[in-house]
Each structure stands twice: as C-alpha cells, then as structure tokens.
Visitor: 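Before I ask anything, here is the structure I am working with.
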Amino acid sequence: MSHIISKPNRFIKPRFEWRPRLIPEHPLSQGLILFLIFNEGAGTKLYDLSPKGHMGLLSDFNFNANSGWCSEKFGVALKCDGVNDIISITDYSQCLAPPSLTFVANLRILSYSQNDRIVTKKPNLSWNANSGWSLEVVDGSTFVFLASGGSYTGNLTIPWSTDEWFQIAIVKKEGESEVYGYKNGLYQDSQTVGDPIVANDQSLVLCAYPFYDMYSNIIIDHVRVYNRALSSSEIQELYLNPFCNLEIPVYRKYWYVTEEAPSFNPAWAKQSNVFIGSGAIL
C-alpha cells in the first residue's frame, strides 16, 4: 500500500524507507540462516533478513565508481574493486558452516584471477583448513567448492562470461560427497569433495580471502545461505522470483526537510523512484 505525504514547497528531498519483512511461513524461509539483499545503499553495515539477524561490515571500500554501492540489474548492489574491499559477516553462533548447505548469490564478475573467492568461511585460515567452506573461481567455465579440509575431485563446470549477471547456487547434503552447481536456476554440474563441512567461529567473507591477500573484482547481490539442501525446484523458484519470501508492500517512499537543497526539483525526485521487485515500483 502506498502512502501519500504532503510535500512542503522547498527544502525537501525524497528518501526511501526500506522495511523488508521475511514471510516466516514461506517454504523458502525454512532453514534460511543468512539473507542479504544489499538494499542499504549507503554506509558500511549490512543487515541480515534471516531469523539469525547477523550483522555484516564493509571494510576498505572507497565508495567511488569502482568500489561501493551501485545501481544494477536487481537494484542496489555492492561493487568490490579487487584491491582490498572486504564484505564480512560475523558468525559468533557458528551457524554459517552447516553440514547441509545451500549458497545462492547473484554475481557480475568484472575480472578475475584463478582462485579468486566468491565466498569463504575460512577467511583467516589456509585453503585446506579442517573447518569452514569456500567457493572459488577457476576460470571462465569452472568453479571449485571446498568443504572442511582440502580434498576434492574435479571442478564444477558452470560456464559464465565476464561482465555477465548470473545467479549461482551451490548445494551440499550432509553425509554425501557430491556438491551440485546451478546457474540461473538450472542444474549444471557436480563435484566430489572428500570432507564434511565443520563449523567454526570465522566470519563469512564475500569476494575476498584475506589470509592470502586475495580480493575479487565482482559486483554481488542477493546472497542467501541455508542450513539445508534446497531442491532443484526451489533453486529455480529463487531465480524466477527472488522476492518470493519477502513482503514487498512494506517498502515505501517519503519526504523530509533538509537544508542541503535550497530548491526542489520535481523532475529529479520523480526519477528517484526505485524498482524493488516485480510490481514494486514505489
């Protein structure tokens, strides 16, 4: 529901009040332990919409054209410059390395070096540490998933192109050695790992691997982690309808007075409307 708020004649700017609410009874809210939609648009904090309520922190971002918040295909996203940007989510409860795991993210890889991390739960540990997990780029057609330990066979063949937006999803079931990879909601390939996933108190880090001073040049959006293995149909649903378990009408626009704007430009304000999701232009 939209709300009309009267606008004063001057000293006004539009502001967006983001009030997303997870629909707890939705099937794709079950087992959700991290949900970042990157709609903050400013500052250095990320808010987790999952019931766990983790807090994310942006470190060493320059907040310029190459580093920081940006407007992209799916709305607001974060651009990591590949130099020193770090997105970290604290995990004091040690829940972000579950034995059954699904990781989902929207990515636009701008450039890469072999072994660049998409995500790691081993940010201050060696790549073959006996706890945590990670997903890394091998080349333009393959990724590698590492569980706890470093034993694996083969790669995940998931073709992608530089500067292409795509959704990646990785699924591992407890007690099984196979890891399954999806692109844009469709199954692509599997890979074998020789180790289970073991919990630790390391932060979950996106687009960086501080232990080896490695940083990824990636734009990232809509990150989810589940403590269960999602089905193929659930993975497809997240691609087709990424807001399926959010209550969209809680987003609204309002007006506020500011000393920064000596005059009001209605055209600029009109262009400030934001596309949140299907049917959610405010």
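Just so it is clear, the structure is predicted and the values come from calculations on it, not from any experiment.
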Visitor: Taking C-beta and beyond as the side chain, do His26 and Glu247 meet within less than 4.5 Å on heavy atoms?
Guide: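 The answer is no; the side chains never approach within 4.5 Å.
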Visitor: In the single-linkage hydrophobic clustering (I, L, V, M, F, W, Y; side-chain heavy atoms under 4.5 Å), do Leu206 and Phe211 co-cluster?
Guide: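 Same hydrophobic cluster.
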Visitor: Indicate yes or no: at least one non-hydrogen side-chain atom of Met55 is less than 4.5 angstrom from one of Lys45.
Guide: yes
Visitor: Which residue is it: Ile109, Leu78, Asp85? I am looking for the one with a side-chain contact (heavy atoms from CB on, under 4.5 Å) to Ile218.
Guide: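 Answer to the side-chain contact (heavy atoms from CB on, under 4.5 Å) test with Ile218 among Ile109, Leu78, Asp85: Ile109.
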Visitor: Looking at side-chain heavy atoms only, is the closest gap between Tyr209 and Ser134 below 4.5 Å?
Guide: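 The answer is no, as the side chains (C-beta and beyond) never meet within the 4.5 Å cut-off.
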Visitor: Would you sort out whether Asn200 and Val198 count as a side chain to side chain contact (heavy atoms under 4.5 Å, CB included), showing the intermediate values?
Guide: CA-CA 7 Å; Asn200 63 26; Val198 178; over 6 Å; no
Visitor: List the steps and the verdict of side chain to side chain contact (heavy atoms under 4.5 Å, CB included) for Phe35 and Val223.
Guide: CA-CA 6 Å; Phe35 187 14; Val223 171; over 6 Å; no
Visitor: In sequence, state the C-alpha distance, the side-chain angles, and the governing distance for Ile33 and Leu96, and then conclude on side chain to side chain contact (heavy atoms under 4.5 Å, CB included).
Guide: CA-CA 7 Å; Ile33 55 176; Leu96 292 176; 4.0 Å; yes
Visitor: Quiz question: by atom type and distance under 3.5 Å, do the side chains of Asp213 and Tyr215 form a donor-acceptor pair?
Guide: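 Result is yes, a qualifying pair exists.
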Visitor: Is there a side-chain contact between Ile37 and Leu49 in this structure, where contact means two heavy atoms from C-beta onward sitting under 4.5 Å apart?
Guide: yes
Visitor: For Ser100 and Tyr226, does a side-chain donor sit closer than 3.5 Å to a side-chain acceptor?
Guide: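 Distance-only check fails for Ser100 and Tyr226.
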Visitor: Under 3.5 Å, is there a donor-acceptor pair between the Asn115 and Glu136 side chains?
Guide: yes
Visitor: Spell out, yes or no, whether Trp127 and Leu101 are grouped together once hydrophobic residues are joined by side-chain heavy atoms under 4.5 Å, including indirect joins.
Guide: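 Trp127 clusters together with Leu101.
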Visitor: Between the side chain of Glu234 and the main-chain N/O of Ser231, is any donor-acceptor distance below 3.5 Å?
Guide: yes
Visitor: Are Met214 and Val137 connected into the same hydrophobic cluster when the rule is that any two of I, L, V, M, F, W, Y join if their side-chain heavy atoms are below 4.5 Å apart?
Guide: yes
Visitor: So which of Glu25, Arg21, Arg224 actually passes side chain to side chain donor-acceptor pair (under 3.5 Å) with Asn245?
Guide: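 With Asn245 as partner, Glu25, Arg21, Arg224 yield a single side chain to side chain donor-acceptor pair (under 3.5 Å), made by Arg224.
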Visitor: Just say parallel, tilted or perpendicular for the rings of Phe166 and Phe143, cut-offs at 30° and 60°.
Guide: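 Phe166 vs Phe143 ring planes: tilted.
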Visitor: Taking the six-membered ring for Trp, are His222 and Phe243 parallel (under 30°), tilted (30 to 60°) or perpendicular (over 60°)?
Guide: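 Perpendicular.
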Visitor: Judged by atom type as modelled, is there a donor-acceptor pair below 3.5 Å linking the side chain of His54 to the main-chain atoms of Thr90?
Guide: yes
Visitor: Using the rule given for side chain to side chain contact (heavy atoms under 4.5 Å, CB included), can you reason through Asp163 versus Arg108, listing the C-alpha separation, both sets of side-chain angles and the distance that settles it, and then say yes or no?
Guide: CA-CA 5 Å; Asp163 219 28; Arg108 181 180 163 199; 2.8 Å; yes
Visitor: Tell me, do Ile219 and Phe74 make a side-chain contact under 4.5 Å, heavy atoms counted?
Guide: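 No - every pair of side-chain heavy atoms lies 4.5 Å or more apart.
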Visitor: Do Trp165 and Glu72 have side-chain atoms, one donor and one acceptor, less than 3.5 Å apart?
Guide: yes
Visitor: Using only heavy-atom distances, determine whether the side chains of Thr157 and Asp189 contain a donor-acceptor pair under 3.5 Å.
Guide: yes
Visitor: Do Lys73 and Glu164 sit within salt-bridge range, that is, some charged N less than 4.0 Å from a carboxylate O?
Guide: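 A salt bridge is absent here (no side-chain N lies under 4.0 Å from a carboxylate O).
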Visitor: Is it true that the side chains of Asp91 and Ser203 contain a donor and an acceptor less than 3.5 Å apart?
Guide: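 The criterion, which ignores hydrogens and geometry beyond distance, is not satisfied for Ser203 and Asp91.
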Visitor: Side chains of Leu46 and Leu57, heavy atoms from C-beta outward: is any pair under 4.5 Å?
Guide: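 Not touching, per the 4.5 Å side-chain cut-off.
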Visitor: Side chains of Thr142 and Asp139: do they bring a donor and an acceptor to under 3.5 Å?
Guide: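 Thr142 vs Asp139: donor-acceptor pair found between side chains.
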Visitor: Indicate whether any N or O donor in one side chain lies under 3.5 Å from an N or O acceptor in the other, for Asn66 and Lys79.
Guide: no
Visitor: Any side-chain heavy atom of Val171 within less than 4.5 Å of one from Tyr182?
Guide: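 Touching, per the 4.5 Å side-chain cut-off.
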Visitor: Testing the 3.5 Å rule here: is there a donor-acceptor pair between the side chains of Glu178 and Thr192?
Guide: yes
Visitor: Do the non-hydrogen side-chain atoms of Leu156 and Gln188 ever get within less than 4.5 Å of each other?
Guide: no
Visitor: Please step through side-chain hydrogen bond (donor to acceptor under 3.5 Å, both in side chains) for the pair Ser148 and Asn130, ending with a clear verdict.
Guide: CA-CA 5 Å; Ser148 302; Asn130 60 6; over 6 Å; no
Visitor: Between Val104 and Val205, is there a shared hydrophobic cluster once you connect ILVMFWY residues whose side-chain heavy atoms come closer than 4.5 Å?
Guide: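 Different clusters.
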Visitor: When the ring planes of Trp160 and Tyr112 are compared, do they come out parallel, tilted or perpendicular, using 30° and 60° as the limits?
Guide: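 Taking Tyr112 first and then Trp160, their aromatic rings stand perpendicular (interplane angle over 60°).
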